[in-house]
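Everything below concerns the one structure shown next.
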Amino acid sequence: AHVLDLAGGTGDIARLLSKSLNGTGTVVLSDINQPMLMIGRDRCIDENMAENIVFAQADAQRLPFADYEFDLVTIAFGLRNVTDKQLALEEMLRVLKPGGKALILEFSKLEIDTLMPAYDKFSFDILPKLGEIVAGDSDSYRYLAESIRTHPDQASLMSMMENAGFERCKYRNILGGVVAMHEGMRL
């Protein structure tokens, strides 16, 4: 298998994918941010996992890969940070082989509307305060909450995937919709 992990930064997903391949394929760990990519590379090296992981600085909106190159494309908690999500989805489809799959793991919309006030309180008040205490950075945690709110909900993202050309699109909510796993295929 030839796998592309977009916005892979620190390499967490790429390392999991590499383990699942059991040395029989290649994972391309990509990120637009060179310093984050270097952190991912260093972690892979430290864990003796760099043999089947390749590193590429890449913008998800303009992927530097050939058409039909990958069996699987993943992006975990990175699509909401992409400026033109539709273009990124089209690029993901372009680089997938026929029969290939895209997996998108992203924060999403709660299934139970009555929990929204408590979730908003946590996201906009408590989370930035925790960020300040733990990391000395409340702004990044405030941005996290804001980016989650402006990201398309589950049905909207699935529709965007279909508009990009993906088929057999579906999603599965995790933790009541706090996170959702979207899946689409290139047939």
Side-chain angles (χ1 to χ4, degrees), residues 3-17 27-44 47 55-63 73-92 102-161 164 169-184:
V3 180
L4 173 61
D5 181 33
L6 292 170
T10 58
D12 297 332
I13 301 299
R15 290 193 310 277
L16 290 172
L17 292 165
V27 177
V28 177
L29 168 56
S30 70
D31 201 291
I32 194 170
N33 184 303
Q34 183 70 17
M36 288 296 290
L37 190 60
M38 292 301 96
I39 291 170
R41 181 193 60 117
D42 291 346
R43 288 184 178 175
C44 290
E47 294 180 27
F55 307 91
Q57 187 174 4
D59 180 345
Q61 301 166 121
R62 288 175 290 286
L63 295 175
V73 176
T74 65
I75 186 167
F77 305 111
L79 187 61
R80 71 187 148 69
N81 296 316
V82 174
T83 304
D84 189 335
K85 294 166 186 46
Q86 191 66 48
L87 181 58
L89 292 169
E90 291 166 7
E91 280 290 279
M92 291 169 70
L103 297 174
I104 301 168
L105 181 65
E106 191 56 82
F107 291 107
S108 206
K109 184 178 185 297
L110 287 180
E111 294 176 293
I112 303 170
D113 289 335
T114 56
L115 294 177
M116 282 302 295
Y119 186 60
D120 283 344
K121 175 81 173 156
F122 174 79
S123 298
F124 289 100
D125 294 341
I126 297 169
L127 188 61
K129 288 177 185 168
L130 288 173
E132 183 62 40
I133 293 166
V134 173
D137 180 8
S138 63
D139 290 342
S140 292
Y141 291 87
R142 190 169 295 106
Y143 166 77
L144 173 64
E146 292 167 356
S147 69
I148 292 168
R149 288 302 175 279
T150 60
H151 186 70
D153 65 19
Q154 294 90 317
S156 298
L157 181 54
M158 190 170 77
S159 178
M160 290 173 69
M161 291 176 72
C169 296
K170 59 185 177 180
Y171 67 87
R172 179 174 54 90
N173 284 323
I174 302 167
L175 298 172
V178 171
V179 174
M181 173 66 81
H182 282 74
E183 179 180 316

Quiz prompt | H182 side chain to Q154 backbone, donor-acceptor under 3.5 Å | solution = yes

Note: A145 and S123 closest approach over all heavy atoms is CB-O, 3.4 Å

In terms of heavy-atom contacts, R15 and T10 come closest through NH1-O, 3.0 Å

Is the closest side-chain heavy-atom distance between V73 and I75 below 4.5 Å? no

task = Check whether any side-chain heavy atom of L37 lies under 4.5 Å from a side-chain heavy atom of Q34, and answer yes or no.
result = yes

Taken to the nearest 0.5 Å, the spacing of L157 CG from H151 NE2 works out to 5.0 Å

Rounding to 0.5 Å, atoms NZ (K109) and OG (S156) come to a distance of 10.0 Å

I'd like to know whether L6 forms a side-chain contact (heavy atoms from CB on, under 4.5 Å) with L63, so could you lay out the CA-CA distance, the side-chain angles of the two residues, the decisive distance to 0.1 Å, and finally the verdict. CA-CA 9 Å; L6 292 170; L63 295 175; 3.4 Å; yes

Review point. Can you check whether L144's main-chain N or O pairs, donor with acceptor, with R80's side chain at less than 3.5 Å?
Key: no

Is the side chain of S30 donor-acceptor paired with the backbone N or O of D5 at a distance under 3.5 Å, no angle test? yes

* **Side-chain heavy atoms of R149 within contact of D120, under 4.5 Å** => yes

Sequence neighbours excluded, the answer for side-chain hydrogen bond (donor to acceptor under 3.5 Å, both in side chains) partners of Q61 is D59

task: State whether the side chain of Q57 and the backbone N or O of D31 hold a donor-acceptor pair below 3.5 Å, judged by distance alone.
output: no

Between E91 and A60, the two heavy atoms sitting closest are CB-O, 3.5 Å

Sorted by chain and number, sequence neighbours left out, side-chain hydrogen bond (donor to acceptor under 3.5 Å, both in side chains) with E111 holds for N173

To the nearest 0.5 Å, atom CG of L130 lies from atom OG of S138 at 11.0 Å

Are I32 and V82 side-chain neighbours, meaning at least one heavy-atom pair lies under 4.5 Å? no

- Do the non-hydrogen side-chain atoms of L29 and L17 ever get within less than 4.5 Å of each other? no

Quiz item: Under 3.5 Å, is there a donor-acceptor pair linking the side chains of N81 and Y143?
Solution: yes

CZ (R142) and NZ (K129) are apart, to the nearest 0.5 Å, by 9.5 Å

Here the pair of heavy atoms bringing I148 nearest to S108 is CG2-O, 4.2 Å

Test side-chain contact (heavy atoms from CB on, under 4.5 Å), reference T74, set L105, L103, L4, output is L103

Between P128 and F122, the two heavy atoms sitting closest are CD-O, 4.4 Å

Would you say the side chain of L110 lies within less than 4.5 Å of the side chain of V178, judging by non-hydrogen atoms?
yes

*May I have the step-by-step check of side chain to side chain donor-acceptor pair (under 3.5 Å) for Y171 and D153, ending in yes or no?*
CA-CA 11 Å; Y171 67 87; D153 65 19; over 6 Å; no

### Query
Any side-chain heavy atom of M92 sitting closer than 4.5 Å to one from I104?
yes

Rounded to the nearest 0.5 angstrom, the OH-CD1 distance for Y141 and I126 is 15.0 Å

Smallest heavy-atom separation, M161 atom then C169 atom, equals CB-SG, 3.9 Å

One should read off an interatomic distance between K170 NZ and M158 CE, to the nearest 0.5 angstrom, of 11.0 Å

Next on the checklist: Side chains of R172 and E183, heavy atoms from C-beta outward: is any pair under 4.5 Å?
Outcome noted: no

